[in-house]
Structure formats: C-alpha cells, structure tokens
Amino acid sequence: MQELKSIKGTHDILNSGIAKWQKVEKVLQKVFASFCYQEIRTPVFENTALFARGVGEFSDIVSKEMYTFSDKGGESLTLRPELTASVARAYIQHHFWQDAPVHKLWYLGALFRQERPQAGRQRQFHQYGVEVIGSALPEADAEVIALACSIYRELGLRNYVLHINSIGSTDTRKRYTEILKKTLEPHKNSLCETCNTRFEGNILRLFDCKNPGCAEILKNYAPSILDHLSSEDAEHFTRVRELLDVMAIPYEVNPALVRGLDYYTRTTFEIKGTALGAQDALCGGGRYDKLLMELGGPETPAVGFAAGMERLILAMEAEGLFTEEEAGMDLYLAPMDSHALNTAMPIAQTLRDAGISVYVDLLGRSLKAMLREANRKKAKHTAVIGDDEIKNRRLQLKSMFNNTVSELPFEDLADALKHKK
RNA sequence: GUGGAUGUAGCUCAGUUGGCAGAGCGCUUGGUUGUGGCCCAAGUGGUCGUGGGUUCAAGUCCCAUCAUUCACCCCA
C-alpha cells in the first residue's frame, strides 16, 4: 500500500504548535474587537474567474500558482490563493452597502498556492487580515496600518519595519509608467531578462528586482513615483503620514514598494520582519479603490492588508516569545481500579460542569504510572479514588506544586478547586 | 520551473579503510501493598527513504528515483 502522508508544502499543527496558534489567535481576536472589526468567513473555493479578474490574470499568483480544477458539472473552480477578492465578492453579493456606508471586516483562513516550499512559504498557509470597505479617506488607510502594528505590539514582536508608499490613482500611475519607460529605455539593454519582459507588461515590478545591476540602474535613473503624484494623491499620502506621526507609529517611506497584485491604488505598505529569512514580508496591504467595481459591484473605495500566520509565528519564535510553560489540568483523577471509575467519572462530570478541567485515567494503570503522568502533564492537583474514598465519600486533594494535601468530602471538591484556580 | 544540501528508532543524531544496527532523549514496567518529580534497572522501538547495480559481504561504493529542506522566482 502506498504510504499516506501530508502533501508537499502542507503541515500538521500539533502539540506545542497548537498552543502557539491559539495564543496568536487570542490576541488577534482581542485587537480586532478593540478596533470594532467584524469577522467574515468565506468558502475556501470560488469560481476561477473571481481571482482572474480580481487579482489580475497576468499576476504570478493567477498565471502559475493556483490550484484550479473542474468539478463534475464542468465548472472551473479554484482554491483561494488570497482573501481580498473573496471578501469583495461577498460584499457585492450581499449588497453590504445597503446595510451601512462602511464595513470594517477581518478574517483568518487557509490559502493555497502551488509554489516550491521554503522557509516561511507553504502551499497551504494561513493569513489573517482586514478590509475596510466604503471609505476613501486617508484616515481609513491610517487606521488599517495602525491595526496591523497593534497586533505586533500586543504580541510583543519587536524586530520589524513598516514601509509605506503611494503608487497613486490609476491615472497617475498611467502617466508615471510612461515617464518611467521613457527614462529607462536607454538602459534597457543593461537590465536582466525578467526585467525586460516586465518592461512591457508591468514596468512597476522592475522595482522588485533583486539583481544588483538592475537595482543600481533603478536607483540612479528611475524617477520616484512620489514626485509624479497628482495633487489629490499627494494630499492623501501626506495625510496618511500625518496620522501615523500623530499615533507615533514609526515608518519608512519606500518609493520602490510596488507590490505584485494588480488591484492596488494609492497607499501601499508592507511590514518586513528583520529576523526572518528570504521570506520576510510579514504583512502587506494597501488601498484598492477600483477592485469592487471591476468585480461588478458599485464603485467603492477600500483599503486592507493580509498577514501570514506561519511567518508571524516564525518571527515570534525567533524572538523567544513562546517561552512560558502551559499549565495543565486543574485535577488529575486517579481511580485505583475499574470499580473506582463508577465513582470517579460522575465526580469528574460534576467538576467539569463547574468549569474545572479534570483528566481521568482511562488505561487502568498502576498508581505510580498515573501520578507520573499527572506530573508530566503538569496537573495542578491530583486525587486518588479507591475503596477507602468510596466508603467514606472523602478524598485527599494533593497540590502538585507545593506538595500539600487536604482531606475533603466529595461535595466540597468543586468549591475547593474553584477557590484555588 | 532552476540550483545547492539532506534522508539511519517517536525526536536529536553517531555509525571509521565495506564485516552482526548504535547512543541520548522519549515511551512502558519495576525498585515491598495507596502517592509524582531525582536516582537506579529492565523493556519497547528501525525493510538504514525507495528501486536497481558492484561485491563473498553495502547504512557505507555506483546509478536512478522519491521525499524533505534552503535559495532563486514570487509573495503573507
């Protein structure tokens, strides 16, 4: 028989991994709630057309990384490679705008891209993110950025940098692209092969090239998009920066920050982890004022970001933020034999109803084995149930941390444990 | 898709010029009857990634293949 194993680029999360995820998820929920954002959950697969139109047919994500398949009815479906398009689709489908002029949404979910895995990059990975749909104001941009930073601050992460830029509205970008082409035309031959293909397709992506020769040419000759913003674009960007300053959020303006998804307009930003490997983008986002309209909805301005869970956890591990030990169950109940379980199990039920976590041994093991396990599982208390306890309806509650024992009737157990929590 | 590295026990890894498959950790049980941790002892656990080849003999040498991983690319 063929060995069954998880497929390339996917991972089980178990044991200590679960604790890390839960710790992060708890903080996420807390921060989202404090900003009054509402959770949204969308299906993991959608019509292929949604991503082709939303993300951009010629983007790498759509053109070579999607898990696309036909269902039995011949429909082309795709496992979502990102979440903004899905959220936008839901917004349009359910006519959110009739319910309120602005919606502040957050999500956390699994995404799928068929890339070669490496550190911080998997084929199934998870992103959390937010979308503010309905506000064109720079204040929305600033709030979204502030939210992204609050999460890291709340988690205690220190080694990261916020980069921001404005790529202008569609018209601005069209004009700037022409200028860029004209300026770089004489140096075209010195650029690398990929840059030359991008030259015609999406010339802005030249800024992403890591080839030192290309970077040098860009640095020396390429005009900054910030010098070519329309006055409205420039005003918008200035206001975003003003608000970040007022909130004391440190940032770097990076005119080379373009981003690969087609739908961005005006503000773009990225948070880079400084303790990560090659895949160092912790969070990326920006404004996308045309996406909703392109997907068939009303023209609705929006801004949001997406951030990688796995990368965040890697960054937190690198900073040693998962050190504290998890305490175990409130009580480990050790029945001496199967007869004692008749008493132990109802006691456990009563305690659980009272909100106390109780572990009952189900293997019929020796007392020594049970206590060894209780110790290993970091139980706060243990209690043995055997013939004497059953006869007297009393037991000895032992604190595993300070080694004290108190004798109690069964019915006082819940109060005693609650008191010690 | 391209390039490099690595595959031996549940985990981390030794394994010499080819010569009986190893250690530590973990797990199980015990160390005088019903009380954990420390210590001691015994036990459990591997088709040496897979398939070929060379050889009296292959974890070790050769070929292929698969997987994992890092980097390019791209992105969170």
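Letters A, B, ... mirror the listed sequences (proteins, then strands); counts begin at 1. Keep in mind the model is a prediction, meaning the values are calculated, not measured.
One can place CD of Gln114(A) at 18 Å from P of rA76(B), the figure rounded to the nearest angstrom. Taking atom CZ on Phe112(A) and atom C1' on rC75(B), their separation rounds to 16 Å, with Å as the unit. Taking atom CZ of residue Arg123(A) and atom P of nucleotide rC73(B), one finds them 18 Å apart after rounding to whole Å. Here rG37(B) presents its C1' atom at 8 Å from CE of Met400(A), a figure rounded to the nearest Å. Whole-Å rounding puts the Lys5(A) NZ to rG10(B) P distance at 14 Å. The interatomic distance linking Ile61(A) (CD1) with rC75(B) (C1') rounds to 6 Å, in whole Å. Look at CG on Leu331(A): it is 14 Å from C1' on rG36(B), rounded to the nearest Å. Separating the CD atom of Gln118(A) from the P atom of rA76(B) is a distance of 15 Å, rounded to the nearest angstrom.
One side chain, Arg153(A) or Ser150(A), offers a donor N or O that lies under 3.5 Å from an acceptor on the other. Donor-acceptor pairing under 3.5 Å is lacking for the side chains of Asp171(A) and Ser169(A).
At a threshold of 4.0 Å, the pair Arg393(A)-Glu411(A) does not count as salt-bridged, since none of the basic side-chain nitrogens sits closer than that to a carboxylate oxygen.
Side chain of Asp330(A) to main chain of Ser357(A): a donor-acceptor pair is present (N/O by atom type, distance under 3.5 Å, no hydrogens or angles). Between the side chain of Arg173(A) and the backbone N or O of Thr265(A) there is no donor-acceptor pair closer than 3.5 Å.
Taking the P atom of each, rU55(B) and rU17(B) are spaced 22 Å apart, rounded to whole Å. Comparing rG1(B) with rU44(B), their P atoms sit 45 Å apart, to the nearest whole Å. Taking atom P on both rG26(B) and rU32(B), the two are 22 Å apart, rounded to the nearest angstrom. With C1' as the reference atom, rA9(B) and rG22(B) are 10 Å apart, rounded to whole Å. To the nearest whole angstrom, the two P atoms, one in rA14(B) and one in rG7(B), are 8 Å apart. Comparing the P positions of rG43(B) and rG15(B) gives a spacing of 26 Å, expressed to the nearest Å. Nucleotides rG51(B) and rA67(B) have their P atoms positioned 16 Å apart, rounded to a whole Å. Across rA58(B) and rG49(B), the matching P atoms stand 15 Å from one another, rounded to whole Å.
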How would RNA chain B look in dot-bracket form, 5' to 3', counting Watson-Crick and G-U wobble pairs with both distances under 3.5 Å and writing | for bases paired to another strand?
-> (((((((..((((.....[..)))).(((((.......))))).....(((((..]....))))))))))))....
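Residue-level contact check: His381(A) touches neither bases nor backbone, having no heavy atom under 4.0 Å from any strand. The residue Glu389(A) sits close to a base: some heavy atom pair falls under 4.0 Å. Within the 4.0 angstrom heavy-atom criterion, only backbone atoms of the sugar-phosphate kind lie near Glu65(A); the bases stay farther away. Contact annotation for Gly129(A): no contact, since no heavy-atom pair falls under 4.0 Å across all strands.
Of the residues in residues 360-377 of chain A, those with a non-hydrogen atom less than 4.0 angstrom from any atom of RNA chain B are Arg365(A), Ser366(A), Leu367(A), Lys368(A), Ala369(A), Leu371(A), Arg372(A), Asn375(A), Arg376(A).
One cannot find a donor-acceptor pair under 3.5 Å joining the base of rG1(B) and the side-chain atoms of Glu115(A). Side-chain N/O atoms of Asp337(A) and base N/O atoms of rG34(B) include no donor-acceptor pair closer than 3.5 Å.
More than 12 heavy atoms of other residues, nucleotides or ligands shown are found within 6.0 angstrom of CE on Met329(A). The environment of NZ in Lys30(A) is sparse: at most 12 heavy-atom neighbours from other residues, nucleotides or ligands sit within 6.0 Å. Around NZ of Lys418(A), the count of heavy atoms belonging to other residues, nucleotides or ligands within 6.0 Å does not exceed 12. Residue-environment remark: CZ (Phe410(A)) exceeds the threshold of 12 foreign heavy atoms within 6.0 Å. Counting heavy atoms of neighbouring residues, nucleotides and ligands inside a 6.0 Å radius, atom OH of Tyr221(A) does not exceed 12 of them. At most 12 heavy atoms of other shown residues, nucleotides or ligands fall within 6.0 angstrom of atom NE2 in His419(A).
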Show your reasoning for whether ring pair (Phe, Tyr, Trp, His ring centres under 6.0 Å) applies to Tyr37(A) and Trp106(A).
-> CA-CA 6 Å; Tyr37(A) 281 50; Trp106(A) 73 269; 9.4 Å; no
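For Asp60(A), whose side chain is taken as the heavy atoms from C-beta onward, the closest listed nucleotide among rA76(B), rC73(B), rG34(B) is rC73(B). Proximity note for Lys8(A) (side chain, C-beta onward) versus rU68(B), rA76(B), rG36(B): the nearest is rU68(B). Relative to the side chain of Pro117(A), the nucleotides rG36(B), rU69(B), rC75(B) differ in distance, and rU69(B) lies closest. Comparing rA71(B), rU69(B), rG36(B) against the side chain of His11(A) picks out rU69(B) as the nearest. Set against rG36(B), rC73(B), rG34(B), the side chain of Asp388(A) has rG34(B) as its closest nucleotide. Checking rG34(B), rC73(B), rU2(B) against every side-chain atom of Arg116(A), the shortest atom distance belongs to rU2(B).
Of the two residues contacting RNA chain B, namely Lys64(A) and His126(A), the nearest-nucleotide position lying further toward the 5' end is that of Lys64(A).
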